[in-house]
*Asks:* 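Pasting a structure below so you can have a look.
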Amino acid sequence: MKFGTKAVHAGVEPDPLTGAVMTPIYQTSTYAQESPSKHKGYGYARGANPTRDALQRSIAALENGQFGLCFSSGMGATDAVIKLLSPGDEVITSNDLYGGSYRMFRKVFEKYGIKFHFIDLTNAENIKPLINERTKLMWLETPSNPLMRIIDIKACAAIAKQNNILVAVDNTFASPYLQNPLALGADIVMHSVTKYLGGHSDVIMGALVVNDQKLRDELFFILNSCGAVPSPNDCFLVLRGIKTLQLRMQRHCSNGKQIAEFLAAHPKVGKVYWPGFPNHPNHDVAKQQMNDFGGMLSFTLKDDSQAKANKLMETVHLFTLAESLGGVESLINHPASMTHASIPKEERIKNGLSDSLIRLSVGIEDIEDLIEDLTTALNGV
Ligand SMILES: *Cc1c(COP(=O)(O)O)cnc(C)c1O
């Protein structure tokens, strides 16, 4: 099946009891057993729930993977991956990570003796000098947040394979429509389902997809033991959201492209970060490993002042000033004071996150209205 067909059909069967075409919300915490431990495959709902099962099959199919596991949030999914490690183990990751991942790695897991190397992964060669016998995991995020830096997943995975290192990719920004990391050599794909997969800004959820049964079992053991499971009601909402994933992504991509081009030509705009520009660093890698360039982009003002950036963000009407991304509605945000506020200022500036940097999650509205909104706001600064 091709992508749009899978988005509508994969993992979903009419309900065996009633024929209901849409997967029912199995709102139950437990299941009746015929005799002790003899049941229909469902014992207690932390372990399994039919609504969640359907969603896990659907997300696995979208990533061309064997097994999906859903979590109560993207961070819950990431947490489970790091819990595969033991004290003394080392992780190689990028210096341009989602703020929440950076915070969890530094403030939670360093305390448990896991060592993280935050480096520039836009050149895979940078990995080699850091590898030693304790290196167990590479955590990649591409395109990165908020500078849309592109990491060559295939090149990183090739180095990892030679050294027995697991590769996990946070595929949230791309969504499975744009990029399938398992096919590029990754072992684990992570999604903040909250974003494009859910698509309607009404659910917090995470997911992992893997091909290896043993890895799936280890991750399921952590999921069931630590308990970061999603609710059946939220699983239903995401099953519904996924049906339009292809249509939404196509519009996100075409709107994103037009806004990137509009901003790049605007006299008040400084830099525009969008992987579709031929002069964007690693554009060729993006072109190879992604099907299109997405609806996420960032830009700075020529006059790099936070006051002017604030004015712009207060003036827009259609772009809602809010954290998060990937919903049908356009959002605008200020990484330095919002999503990346937990990164120390010197570190932030050093990594190119300047004070006037503004990030857009371009929605699926009519492009003329979005451009008019930005034009008015830019005229006002
Ligand atoms: C939002 C996000 C996360 C965290 O996911 P939650 O669902 O908010 O816990 C992780 N990585 C990226 C790239 C994100 O955008």
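Remember, it's 1-based here, ligands and their atoms both numbered in the order they're listed. We're numbering straight along the sequence, starting at 1.
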*Asks:* Running the 4.5 Å side-chain criterion over Ile, Leu, Val, Met, Phe, Trp and Tyr, what cluster does Phe221 land in, apart from itself?
*Replies:*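 In the cluster with Phe221 there is nothing else; it is isolated.
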
*Asks:* If the condition is ring pair (Phe, Tyr, Trp, His ring centres under 6.0 Å), which residues does His9 pass it with, not counting sequence neighbours?
*Replies:*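 For His9 there are no ring pair (Phe, Tyr, Trp, His ring centres under 6.0 Å) partners, ignoring immediate neighbours.
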
*Asks:* Protein N/O near ligand 1 N/O, under 3.5 Å, which pairs?
*Replies:*
unit_1, atom_1, unit_2, atom_2, d
ligand 1, 5 (O), Ser192, OG, 3.0
ligand 1, 7 (O), Gly74, N, 2.9
ligand 1, 7 (O), Ser192, OG, 2.8
ligand 1, 7 (O), Thr194, OG1, 2.6
ligand 1, 9 (O), Gly74, N, 3.0
ligand 1, 9 (O), Met75, N, 2.9
ligand 1, 11 (N), Asp170, OD2, 2.6
ligand 1, 15 (O), Lys195, NZ, 2.7

*Asks:* Throw together a table of side-chain donor-acceptor distances under 3.5 angstrom for residues 174-190, partners on residues two or more places apart or in other chains.
*Replies:*
unit_1, atom_1, unit_2, atom_2, d
Ser175, OG, Tyr177, N, 3.1
Gln179, NE2, Thr142, O, 3.0
Gln179, NE2, Asn171, OD1, 2.9
Asn180, ND2, Leu62, O, 3.2
Asn180, ND2, Glu63, OE1, 2.9
Asn180, ND2, Pro176, O, 3.2
Asp187, OD2, Val167, N, 2.8

*Asks:* What about Tyr196 and His191, are their ring centers closer than 6.0 Å?
*Replies:*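 Centroid separation for Tyr196 and His191: 6.0 Å or greater.
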
*Asks:* Taking the six-membered ring for Trp, are Tyr31 and Tyr42 parallel (under 30°), tilted (30 to 60°) or perpendicular (over 60°)?
*Replies:*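 Rings of Tyr31 and Tyr42: tilted, 30 to 60°.
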
*Asks:* Just say parallel, tilted or perpendicular for the rings of Phe109 and Tyr112, cut-offs at 30° and 60°.
*Replies:*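 Plane angle between 30° and 60°, so tilted.
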
